[in-house]
Number of protein chains: 2
Amino acid sequence: MLDSIPDSTAGPRDRVLAAALELFAHRGYFSTSVPDIVRASGVSTGSVYHHFGDKEGIARTLYDSVIERMEQALEAIRERHPDTASRCRSMIELLFDIAEHDPDLMSFMLHARHREFLPAITPVCSSRPFQLMRGVVAEGMRRGEVRRMDETVAAVSVFGGALRLIQMRLDGALDRPLNDFLDDTWDCAWRAIASDAA
Amino acid sequence: MLDSIPDSTAGPRDRVLAAALELFAHRGYFSTSVPDIVRASGVSTGSVYHHFGDKEGIARTLYDSVIERMEQALEAIRERHPDTASRCRSMIELLFDIAEHDPDLMSFMLHARHREFLPAITPVCSSRPFQLMRGVVAEGMRRGEVRRMDETVAAVSVFGGALRLIQMRLDGALDRPLNDFLDDTWDCAWRAIASDAA
DNA sequence: TTGACTGGAACGAACGTTCGTTCTAATATT
DNA sequence: AATATTAGAACGAACGTTCGTTCCAGTCAA
């Protein structure tokens, strides 16, 4: 799984990132002030600006690190599994795991793309993790494991349900852990795009 | 379809709502200042506060009206169609239509639920339109049109893909209109939850 | 001694909101 | 019919606060 961002004992840079992740995830970007981050991290205003330049620099750094670790985890899954079905299923499992184990991280990642969160950030659909998921589905289509159709539609159809379920869990609308819903979710997801041959 | 919120010739209250919808949809809640709304609507600061109390009052009023009209449109579909499949398909068509015809409205509705947008608003998953969609799926399950599984999972599985596709379209990541993807989307959506009997 | 880093006071700008006034049109009074 | 009264709507200048950011004196490692 993804390593959590370190806290307390770590250097000031990491302490700021850890505090910002939690605050951004809970209150959002604009409802979190720099003084809030300064207070929560125990790092001084001057240091924060020395390390990150400005408030957006904090968010951008955070976003980049989250996206990169996410991409690596997904890529690892792609390498480990040969067939499209187990690739997709493992990816959904990964997403569920992260959402349960590190909800702040998942919350940040799911929300960071909105205009409201980070001004002028690349939208999710163009983010590398999503492209990777899309690529897996597209490859499955070439191999005949996935039905022929628009690649984008196929990608959103496998992962769309899982992502929305995660959002519900993060919003507190699901009282049981996501794993309890994994089998049903996966069943729906794969039926949606599986080739009729199989 | 849903009526658009009136502009220019309308009363000050409606002009404020129309301006706020556009601004909130494009820039988000916190990136839109009250002076922005005042400028865009041509209504004075004092009037805005006279009618809506505070900034959040504008957003809440807007949200309530959008949710209510959305719920009515979905309920009309439920009444017009007897079976679950055509109900769900019509609902996806409706969502696609709104996204194409009134992207600001759809953008506002999809984003309004985030902590970042409206502080302390009821999350989507608890909103009445979503409950209505969920109800349709649940009824389909009782009738045997939908496979037996967790109701929530079934609901997010039918509509999750479509909603994510809409988000991509709003983000400018889809160059063709959503209708071009309707058949593929619907095919995936219904396969995901359709009873094996049929 | 030097250079990188830290600290927190201080700054201007922009925010959401308030306030006293003016305008408008309907009602009451003569 | 003409005037006086009034309540609500509209207005925009001004307020206090908080924001993101800067600045510079102080600290510590090399």
Side-chain angles (χ1 to χ4, degrees), chain A residues 6-64 108 111-112 114-121, chain B residues 5-63 65 108 112 114-121:
Chain A
D7 51 301
S8 45
T9 62
R13 211 186 131 89
D14 290 334
R15 291 221 307 281
V16 169
L17 289 178
L21 175 64
E22 184 184 328
L23 288 167
F24 287 163
H26 280 91
R27 308 188 199 165
Y29 180 75
F30 288 104
S31 299
T32 301
S33 70
V34 175
D36 283 340
I37 298 176
V38 165
R39 244 188 316 275
S41 66
V43 174
S44 73
T45 316
S47 295
V48 168
Y49 277 90
H50 174 75
H51 284 295
F52 298 100
D54 58 10
K55 186 187 178 185
E56 204 180 313
I58 305 173
R60 228 183 24 246
T61 307
L62 201 49
Y63 181 76
D64 288 345
F108 177 78
H111 294 359
H114 296 301
R115 281 179 275 282
E116 189 63 29
F117 208 111
L118 279 187
I121 216 174
Chain B
I5 284 182
D7 51 301
S8 45
T9 61
R13 211 186 129 91
D14 290 334
R15 291 220 308 282
V16 168
L17 289 180
L21 175 63
E22 184 185 328
L23 287 167
F24 287 163
H26 280 91
R27 308 188 197 164
Y29 180 75
F30 287 104
S31 299
T32 302
S33 70
V34 175
D36 283 340
I37 298 175
V38 166
R39 243 188 316 275
S41 65
V43 174
S44 73
T45 314
S47 292
V48 169
Y49 277 89
H50 174 74
H51 284 295
F52 298 100
D54 57 11
K55 187 186 178 186
E56 204 181 313
I58 305 173
R60 229 183 22 247
T61 307
L62 202 48
Y63 182 76
S65 95
F108 177 79
H114 295 302
R115 280 178 275 282
E116 189 64 30
F117 209 111
L118 279 186
I121 216 173

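Here is how names work: the chains are called A, B, and so on, in the same order as the sequence lines, proteins then strands, and each is numbered from 1. Keep in mind that what you see is a predicted model, and the values were worked out from it rather than measured.
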Discussion item. I want to check one thing: is the phosphate of C:dG7, taken as OP1 and OP2, less than 4.0 Å away from some side-chain N or O of A:H50?
Written reply: no
Item to complete: Write down the distance between NE2 (B:H51) and P (D:dA9), rounded to a whole number of angstrom.
Response: 6 Å
Worksheet item: So what does B:S33 touch, heavy atoms closer than 4.0 Å: a base, only the sugar-phosphate, or nothing?
Response: sugar-phosphate
Practice prompt. Send over the distance from B:Y49 OH to D:dA13 P, rounded to a whole Å.
Written response: 16 Å
Worksheet entry | Between C:dC15 (P) and B:R27 (CZ): distance, integer Å | 10 Å
Worksheet item: Could you state the interatomic distance from OH (A:Y49) to OG (A:S44), rounded to the nearest 0.5 Å?
Response: 11.5 Å
Discussion item. What is the distance, to the nearest angstrom, from the CG atom on A:D54 to the C1' atom on D:dG20?
Written reply: 9 Å
Discussion item. Can you classify the ring geometry of A:F108 versus A:F24 as parallel (below 30°), tilted (30 to 60°) or perpendicular (above 60°)?
Written reply: parallel
Discussion item. Is A:S44 close enough to C:dG7 that one of its side-chain N or O atoms is under 4.0 Å from OP1 or OP2 there?
Written reply: yes
Worksheet item: For B:S47 and D:dA9, is the shortest distance between a side-chain N/O and OP1 or OP2 below 4.0 Å?
Response: no
Discussion item. Test your reading of the model: is there a side-chain donor-acceptor pair from A:H50 to the backbone of A:G46, 3.5 Å cut-off?
Written reply: no
Discussion item. Distance check needed: C:dG16 P versus B:Y29 OH, whole Å only.
Written reply: 8 Å
Worksheet item: Between A:D36 and A:S33, is a side chain to side chain donor-acceptor pair (under 3.5 Å) present by the stated rule, with each step listed?
Response: CA-CA 5 Å; A:D36 283 340; A:S33 70; 3.2 Å; yes
Discussion item. Without decimals, in angstroms, what is the distance between A:D14 CG and C:dC5 C1'?
Written reply: 16 Å
Discussion item. Please report the distance, rounded to the nearest Å, between CZ in B:F52 and C1' in D:dA9.
Written reply: 13 Å
Discussion item. What's the closest nucleotide to the side chain of B:P35 if the choices are D:dG20, C:dG16, D:dA13?
Written reply: C:dG16
Worksheet item: In whole angstroms, how far is the P atom of C:dA14 from the CZ atom of B:F30?
Response: 19 Å
Discussion item. Side chain of B:T45 only, heavy atoms from C-beta on: which candidate in C:dT18, D:dT22, C:dG16 is closest?
Written reply: C:dT18
